[in-house]
Amino acid sequence: MSKVLIVTGDAAEVLEVYYPYYRLLEEGYEAVIASPTQKTLHTVCHDFIDGWDTYTEKPAHLLQSHLGFADVDPSEYAALIIPGGRAPEYIRGNAELPRILQHFIDADKPIGAICHGAQVFLSLSDYSYFNGRTMTAYNASRLEVERLGACYADETLHVDGKLVTGHAWPDLPGFMREFLKLVRQDAAQTAEAITP
């Protein structure tokens, strides 16, 4: 059974962490949630109200993480998912996160980042992976995407090589469809490579 890592923290958007987590389990993958420290996470619900220029936030479900970032061996995982919400803006300051992200980039494994998830990539010291790439994210994260050196896509779902990015939680069905397609393709290529 393949393992997929989900990196998140407190104030993750509830749908963007629960939906991928349960879809992975449904498909037979071992979904592992990592956060800065192993703990019970507090997720939030982001929604929109007429007349507001930005989203509102309310407390949502509790979610148990399985391990802390320091205990993650990224080589054990086939792919990576980065949910949005407000979690990315603070988990990107964790000293262990760049090591985890860099593994998935260097190993050319599937990476999915939705909503504000792209913000975590600013923790990397080298942005060259993003040069010439196109990504989408929640529109408030456009500046972060462009700071990475990537082109910001206005569409709400974009696939660039093994990088799947989505605008927000309404895009989760397509986001997970494309992400799982890449994970399956990688598994099939690996199986072919080891078959004598």
Side-chain angles (χ1 to χ4, degrees), residues 4-21 24 31-47 54-63 65-70 72 74 77 79-105 109-127 129-130 133-150 152-153 156-158 160 163-172 175-176 179:
V4 176
L5 184 66
I6 300 172
V7 293
T8 193
D10 280 328
E13 208 309 312
V14 63
L15 290 173
E16 292 169 4
V17 67
Y18 268 95
Y19 188 113
Y21 178 69
L24 289 166
V32 177
I33 299 169
S35 55
T37 59
Q38 182 182 2
K39 63 174 283 193
T40 299
L41 300 173
H42 299 265
T43 70
V44 296
C45 174
H46 287 158
D47 213 340
T54 188
Y55 54 81
T56 61
E57 181 174 285
K58 296 176 184 175
H61 300 296
L62 298 177
L63 177 68
S65 69
H66 302 113
L67 71 170
F69 289 164
V72 172
Y77 299 90
L80 173 67
I81 289 181
I82 308 161
R86 280 191 302 111
E89 77 187 43
Y90 87 88
I91 67 170
R92 65 184 174 180
N94 184 283
E96 295 290 336
L97 188 60
R99 167 186 68 83
I100 295 168
L101 298 173
Q102 197 65 55
H103 168 81
F104 289 92
I105 289 170
K109 294 179 179 179
I111 300 172
I114 191 158
C115 197
H116 291 79
Q119 292 177 335
V120 304
F121 296 124
L122 290 170
S123 69
L124 297 166
S125 59
D126 177 9
Y127 300 159
Y129 171 78
F130 301 96
R133 289 192 176 270
T134 300
M135 302 168 60
T136 193
Y138 181 61
N139 55 18
S141 297
R142 180 183 190 128
L143 293 176
E144 282 94 339
V145 168
E146 292 173 345
R147 181 73 50 87
L148 291 168
Y152 180 81
T156 59
L157 176 67
H158 193 82
D160 187 335
L163 180 62
V164 180
T165 51
H167 187 255
W169 56 260
D171 309 303
L172 282 163
F175 175 82
M176 287 306 296
F179 178 80

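Of all the heavy atoms in A34 and V72, the pair that sits closest is CB-CG2, 3.7 Å. Across all their heavy atoms, G84 and C115 have their closest contact at CA-CB, 4.0 Å. F179 approaches I111 most closely through the heavy-atom pair CE1-C, 4.1 Å. The minimum heavy-atom distance linking H167 with T136 is given by the pair N-CG2, 4.0 Å. Nearest heavy-atom pair, A113 versus F121, reported as atom, atom and distance to 0.1 Å: CB-CE1, 4.0 Å. Between V7 and P83, the shortest heavy-atom distance links the atoms O-CD, 3.2 Å.
With sequence neighbours left out, T40 forms a side-chain contact (heavy atoms from CB on, under 4.5 Å) with L62, Q64. Among residues two or more places apart in sequence or in another chain, the salt bridge (Lys or Arg N to Asp or Glu O under 4.0 Å) test is passed with D10 by K39. Every residue meeting the side-chain contact (heavy atoms from CB on, under 4.5 Å) condition with A11, not counting sequence neighbours, appears here in chain and number order: V44, R86. The ring-ring contact (aromatic ring centres under 6.0 Å, His included) check on H61 picks up Y18, with sequence neighbours excluded. Taking the side-chain contact (heavy atoms from CB on, under 4.5 Å) definition, one finds that S141 meets it with H116, Q119, A137, E144, sequence neighbours left out. Here E96 pairs with R99 under the salt bridge (Lys or Arg N to Asp or Glu O under 4.0 Å) rule; sequence neighbours left out. For the side chain to side chain donor-acceptor pair (under 3.5 Å) test, no residue two or more places apart in sequence or in another chain qualifies with T134. In terms of the side chain to side chain donor-acceptor pair (under 3.5 Å) criterion, residue partners of D160 (sequence neighbours excluded) are, by chain and number, R133. Listed by chain and residue number, nothing satisfies the ring-ring contact (aromatic ring centres under 6.0 Å, His included) test with H103 (two or more places apart in sequence, or in another chain). Looking at residues two or more places apart in sequence or on another chain, you find no salt bridge (Lys or Arg N to Asp or Glu O under 4.0 Å) involving R92. With sequence neighbours excluded, the residues satisfying side chain to side chain donor-acceptor pair (under 3.5 Å) with D171 are T156. Scanning for side-chain contact (heavy atoms from CB on, under 4.5 Å) contacts around L15 gives E13, W169, L172, with sequence neighbours left out.
Between L97 atom CG and I82 atom CD1 the span is 7.5 Å, to the nearest 0.5 Å. Taking OG1 of T8 as the reference point, atom CD1 of I81 lies at 11.0 Å (rounded to 0.5 Å). To the nearest 0.5 angstrom, L80 atom CG is 5.0 Å from F104 atom CZ. Note that CD1 of I100 is 9.0 Å distant from CD1 of I91, once rounded to the nearest 0.5 Å. A distance of 12.5 Å separates OH in Y55 from CG in D47, rounded to the nearest 0.5 Å.
With hydrogens and angles disregarded, no donor-acceptor distance shorter than 3.5 Å links the side chain of E57 to the backbone of H46. Here the side chain of H66 pairs a donor or acceptor atom with the backbone of I33 at under 3.5 angstrom. A distance-only check finds a donor-acceptor pair linking the side chain of Y127 to the backbone of L122 [under 3.5 Å]. One N or O on the side chain of K109 and one on the backbone of Y77 form a donor-acceptor pair closer than 3.5 Å. Counting only distance, with no hydrogens or angles, the side chain of T37 and the backbone of G68 share no donor-acceptor pair below 3.5 Å.
Between V164 and M176 the shortest side-chain heavy-atom distance does not fall below 4.5 Å.
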